[in-house]
**Q** 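Below: one structure in structure tokens.
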Amino acid sequence: MGQITRRLLILGGTGEAIQLAKKAANLPGLKVIFSLAGLTNKSVNGTVLTRIGGFGGVTGLIQYLRNEAIDLLIDATHPFAARISSNAATASHELGLPRLMLIRSQWESLNQDWIEVDSLESAAIRLQNQQAKRIFLAIGKQQLSVFYHLQNMWFLMRTVEKNKEYKIVPKGKLILAKGPFNRSEEKQLLLDYKIDTVVSKNSGGDATYGKILAAEELGVKVIMIQRPPKQKGETVVDVASAMEWLNVKLFENI
Ligand SMILES: NC(=O)c1ccc[n+]([C@@H]2O[C@H](COP(=O)([O-])OP(=O)(O)OC[C@H]3O[C@@H](n4cnc5c(N)ncnc54)[C@H](OP(=O)(O)O)[C@@H]3O)[C@@H](O)[C@H]2O)c1
């Protein structure tokens with residue numbers, strides 16, 4: 001008797017999601033579909049079937065899960081990707097579909113100079129309040145316009161890829177670079193551009209932590225944007241634990 005093949009949808013957008021997709025694809029009895037929003041050229045580069053683009057909100061996602069007869073869902077999106085995670089929670093609840101969230105741990109404050117804010121808009125207000133002058137804006141490419149009105153400040157912006165949709169970016173310089181970035185490289189960058197404040201999302205992970213360590217070493221202020229509220233549900237913080245969850249789910253269904 002042949003083994004039943006289960007179908008897993010992984011919502012991607014992080015390095016961990018790619019690692020998970022590659023590993024999960026080797027599990028017997030599992031067909032993996034990897035999904036990306038299509039904002040970057042990130043992909044699994046291999047044998048994993050990848051689909052690109054939004055589903056069309058929660059109703060579109062429910063429809064997709066039904067059409068593709070998905071049995072298991074892993075939300076491995078970025079901790080700041082709140083909308084897709086909310087849609088995944090609603091859709092899996094509606095369909096009674098097992099769902100796991102893979103979310104890396106957040107960074108913990110190193111010292112008292114770490115200023116926590118709950119949004120990009122609050123970060124912009126804090127920059128004004130503390131009269132920052134030269135800022136390293138390390139928030140990705142999507143929401144740079146939030147800082148556009150701060151015309152008396154200069155911004156160093158770093159993104160992985162050019163964004164065709166850049167319309168409004170604050171005054172300063174845009175550089176393209178892909179991590180990981182280590183502490184000494186980041187220290188040199190902060191020195192070269194005479195940065196007095198770093199604005200960062202609390203993304204967690206090692207790949208982009210170097211700038212926080214470098215800022216601490218140099219006494220550069222850090223404004224840390226806190227994560228949006230997390231969806232309820234089973235959560236793991238690393239790929240190995242997500243694989244354990246998958247193995248248990250596959251075993252349950254033999
Ligand atoms: N926000 C960040 O700081 C950040 C950083 C690094 C990577 N990312 C990744 O970039 C993507 C977009 O981020 P965001 O902040 O714009 O997220 P978002 O606000 O939660 O998502 C916006 C819309 O993009 C579509 N989408 C998002 N992730 C998708 C996926 N994996 N597969 C298919 N469609 C997806 C969905 O469209 P529909 O409603 O039409 O389904 C969603 O409603 C996410 O996958 C995220 O993991 C985000």
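In what follows, every heavy atom counts, from backbone to side chain, and hydrogens, waters and symmetry copies are set aside. Counting starts at 1 for both ligands and their atoms, in listed order.
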**Q** Which atoms of ligand 1 are found less than 4.0 Å from any heavy atom of Gln142?
**A**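 By the 4.0 Å cutoff, the relevant atoms are 13 (O), 14 (P), 15 (O), 16 (O).
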**Q** Can you figure out which of Ala82, Ser86, Gly57 has its heavy atom closest to atom 39 (O) of ligand 1?
**A**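 Residue with the shortest heavy-atom distance to the ligand atom: Gly57.
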**Q** Enumerate the atoms of ligand 1 whose separation from the nearest heavy atom of Ser35 is less than 4.0 angstrom.
**A**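 Here the atoms of ligand 1 in question are 30 (C), 31 (N), 32 (N), 33 (C).
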**Q** Answer yes or no: does an N/O atom from Thr77 fall short of 3.5 Å to an N/O atom of ligand 1?
**A**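 Not met; the criterion fails.
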**Q** If the test is side chain to side chain contact (heavy atoms under 4.5 Å, CB included), which one of Leu137, Leu189, Ile135 qualifies with Leu156?
**A**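 The passing option is Leu189.
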**Q** Quick check: are there more than 12 heavy atoms from other residues, nucleotides or ligands sitting under 6.0 Å from CG of Asp206?
**A**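 Open.
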**Q** Using the side chain to side chain contact (heavy atoms under 4.5 Å, CB included) definition, which of the options Val48, Ile10, Ile70, Thr50 pairs with Ile33?
**A**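 For Ile33, the side chain to side chain contact (heavy atoms under 4.5 Å, CB included) test succeeds with only one of Val48, Ile10, Ile70, Thr50, which is Ile70.
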**Q** Judged by non-hydrogen atoms, does Leu61 sit under 4.0 Å from ligand 1?
**A**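 Contact absent.
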**Q** Taking atom 43 (O) of ligand 1 as the point of reference, which of Gln143, Arg51, Arg83 owns the nearest heavy atom?
**A**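 Considering heavy atoms of Gln143, Arg51, Arg83, the nearest to atom 43 (O) of ligand 1 sits in Arg83.
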**Q** Under a 4.0 Å heavy-atom limit, does Thr14 contact ligand 1 with its side chain, its backbone, both, or neither?
**A**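 It is neither part, as no heavy atom is under 4.0 Å.
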**Q** Does Glu68 offer a backbone N or O that forms a donor-acceptor pair with the side chain of Arg7 under 3.5 Å?
**A**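 At least one qualifying donor-acceptor pair exists.
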**Q** Sub-3.5 Å donor-acceptor pair from the side chain of Arg134 to the main-chain atoms of Tyr193, do we have one?
**A**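 Judged by distance alone, yes, a pair lies under 3.5 Å.
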**Q** Are Leu176 and Phe181 connected into the same hydrophobic cluster when the rule is that any two of I, L, V, M, F, W, Y join if their side-chain heavy atoms are below 4.5 Å apart?
**A**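 Different clusters: Phe181 never reaches Leu176 through Ile, Leu, Val, Met, Phe, Trp or Tyr contacts under 4.5 Å.
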**Q** Any donor-acceptor pair under 3.5 Å linking the side chain of Thr14 with the backbone of Ala76?
**A**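 Side chain of Thr14 to backbone of Ala76: a pair is present.
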**Q** By number and element, which atoms of ligand 1 are closer than 4.0 Å to a non-hydrogen atom of Lys201?
**A**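 Atoms satisfying the 4.0 Å criterion: 1 (N), 2 (C), 3 (O).
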**Q** Determine, using heavy atoms of Ala76 and all atoms of ligand 1, whether some pair is separated by less than 4.0 Å.
**A**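 Distance cut 4.0 Å: Ala76 fails for ligand 1.
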**Q** Looking at Trp107, is its backbone amide N or carbonyl O close enough to the side chain of Asn202 to form a donor-acceptor pair, meaning the two atoms are under 3.5 Å apart?
**A**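 Present.
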**Q** Pick, from Gly54, Gly12, Ala37, the option with the minimum heavy-atom distance to atom 45 (O) of ligand 1.
**A**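 It is Gly12 whose heavy atom sits nearest to atom 45 (O) of ligand 1.
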**Q** Geometry only, no angles: is Ser85 polar-contacting ligand 1 at N/O separations under 3.5 Å?
**A**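 Not met; the criterion fails.
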**Q** Can an N or O of Gly56 be found at a distance shorter than 3.5 Å from an N or O of ligand 1?
**A**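 Looking only at distances, the answer is yes, because the N/O contact criterion of under 3.5 Å is met.
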